[in-house]
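First comes the structure, then the notes that go with it.
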Number of protein chains: 2
Amino acid sequence: MKEGPDIAQIGALIGDPARANMLTALMGGKALTATELAAAGGITVQTASTHLAKLEAGQLLAQRKQGRHRYFTLADDAVGKLLENIMGFAAGRGHLRHQPGPKEPALRKARICYDHLAGDFGVRMLDSLVAKGAIDAIGDGLALTGKGESTLKCIGIDVGDLKASRRPLCRSCLDWSERRAHLAGSLGKALLSNFFDKGWARRTAGSRSVIFSPDGERQFLALFPIGA
Amino acid sequence: MKEGPDIAQIGALIGDPARANMLTALMGGKALTATELAAAGGITVQTASTHLAKLEAGQLLAQRKQGRHRYFTLADDAVGKLLENIMGFAAGRGHLRHQPGPKEPALRKARICYDHLAGDFGVRMLDSLVAKGAIDAIGDGLALTGKGESTLKCIGIDVGDLKASRRPLCRSCLDWSERRAHLAGSLGKALLSNFFDKGWARRTAGSRSVIFSPDGERQFLALFPIGA
DNA sequence: TACATGCTTCGGTTACGATCGAACTATGCA
DNA sequence: TGCATAGTTCGATCGTAACCGAAGCATGTA
């Protein structure tokens, strides 16, 4: 006993339903205020405030004051990755929420996983990029190829800029709904914001799901065909 | 709120210190009895029994009756992977146990991570195999090469047998002490038991740490040189 | 059959933490 | 200066779950 890192502490932080709901809400990638997070957790602001203080002390959250608002985000993408990991595990055990709510299908189709695209569409995109030879894959590892670099340039993404950052370019992230990998990393992030910029898709207000416009969906599917 | 899988449930399961200690003890890979786990958790058997029932209901543990003993193990290697994940995260935030105990250095040098070798030695082994061209690595992904297959045959491991199983041959696992990857998967398991069989190393009684004999350590270091 | 060991179930206690109302601080706006 | 909004801190309540002693099963051994 008493060996190694303290997993109980972060388990306990995630283990409270209200906190778990707030963290899940922050997986949407947007910074949220304490009041918004209180609503997400289904609790009053006072209670939320103490929860947020604990999460911040545990280094799961970061906050930034702006005027009289206090915006909270996940501390970094390691937190997002951890949460998605646990979600994948929980989903694999059938520890789903009681009933598959009405928003469930949209969530499975396309959603934000911290800062990149997940769900059916996210998995499809990665599959297509691999099939095309734009990305090399060995198991969980992903690497952009030279061909991939030029493919992305056509879409409107300059990989050179991304390479400058410390963050890895390609990362695989296990998708809890599809139970397969989708593309994370700075490239995953760039692709998603590219879709937003082009107007192919938009975020939804209180949810992590991503809505594609009819035209956006058509173009997305054409750009990332299955089995080619 | 109420989106996606129920992370709070498994967070809560891991979040109790007694349960976390029991789970950590089971990361040693050995099946343990309820009494042993009670000791690991620092609680009485009665209390341990209720904890174990909860963990089993949550599908984190599996048990197997044998005579009047009841042996508990982690339900599968997904659980082990999850726990190591969380450990890595916790260690990265400095959420270490209060003081680095006396056993800490041994643990950092070589320990069991569910069923394969971790710690400094585990990381070194993977590095060496990659440097040698026995394993291809792209990011987190690992794949055994043809050359690697014959290398392993010399060590005394028949890869053909391992390939028959459903479990992936090579998997990378983030090492919480080294913060780099070591080798998991059925190959990682096979290598560790190979070391045990040869008498190079042995488990310790109440701990996850692996003790190499002087001769075993010499041979290990020669077999897996750094930077070659 | 009797007894020991391993574990579970029951009952009752206790402690911790989640919760909210109310009061307080801070920022912004008029 | 006064008022509104955002958030924290305080105090008190309440519920749950961790905990252990004691009793109850189950299995093995003499």
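Just so we're on the same page: letters track the sequence lines, and every chain starts at 1. Not measured: the values here are computed from a predicted model.
- As a whole-Å value, the separation of A/Leu55 CG from C/dA18 P is 10 Å.
- Under the 4.0 Å criterion applied to side-chain N and carboxylate O atoms, A/Glu84 and A/Arg208 are assigned as salt-bridge partners.
- Taking every side-chain heavy atom of B/Val45 into account, C/dT8 is the closest of D/dT8, C/dT8, C/dG6.
- Note: CZ (A/Phe72) to P (D/dG7) measures 8 Å, nearest angstrom.
- In this structure, A/Phe212 and A/Phe195 have tilted ring planes: the angle between them lies in the 30° to 60° band.
- With rounding to whole Å, A/Arg70 atom CZ is found 15 Å from C/dG28 atom C1'.
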**Request:** Quick one, give me the B/S/- string for nucleotides 17-30 of chain D, reading 5' to 3', where B means a protein heavy atom under 4.0 Å from the base and S means that only happens at the primed atoms, P, OP1 or OP2.
**Result:** -SSBBB----BS--

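- Salt-bridge formation is not detected for the pair A/Asp120/A/Arg108: no Lys NZ or Arg NE/NH1/NH2 atom is positioned less than 4.0 Å from an Asp or Glu carboxylate oxygen.
- Following rounding to the nearest Å, A/Leu61 (CG) and D/dG7 (C1') show an atom-to-atom distance of 15 Å.
- With a 6.0 Å cutoff to the six-membered ring centre and a 45° limit on the axis angle, A/Arg218 does not count as a cation-pi contact of A/Trp200.
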Sequence neighbours left out, cut at 3.5 Å: what donor-acceptor pairs do the side chains of residues 185-193 of chain A make with other protein atoms?
from: A/Ser193; atom 1: OG; to: A/Lys189; atom 2: O; distance (Å): 2.9
from: A/Ser193; atom 1: OG; to: A/Ala190; atom 2: O; distance (Å): 3.4

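- Under the ring pair (Phe, Tyr, Trp, His ring centres under 6.0 Å) criterion, no residue pair touches residues 4-34 of chain B, with sequence neighbours excluded.
- For A/Leu32 and D/dA6, the CG to P distance is 15 Å, given to the nearest whole Å.
- Atom-to-atom, CG of A/Leu52 to P of C/dA18 comes out at 12 Å; the value is rounded to the nearest Å.
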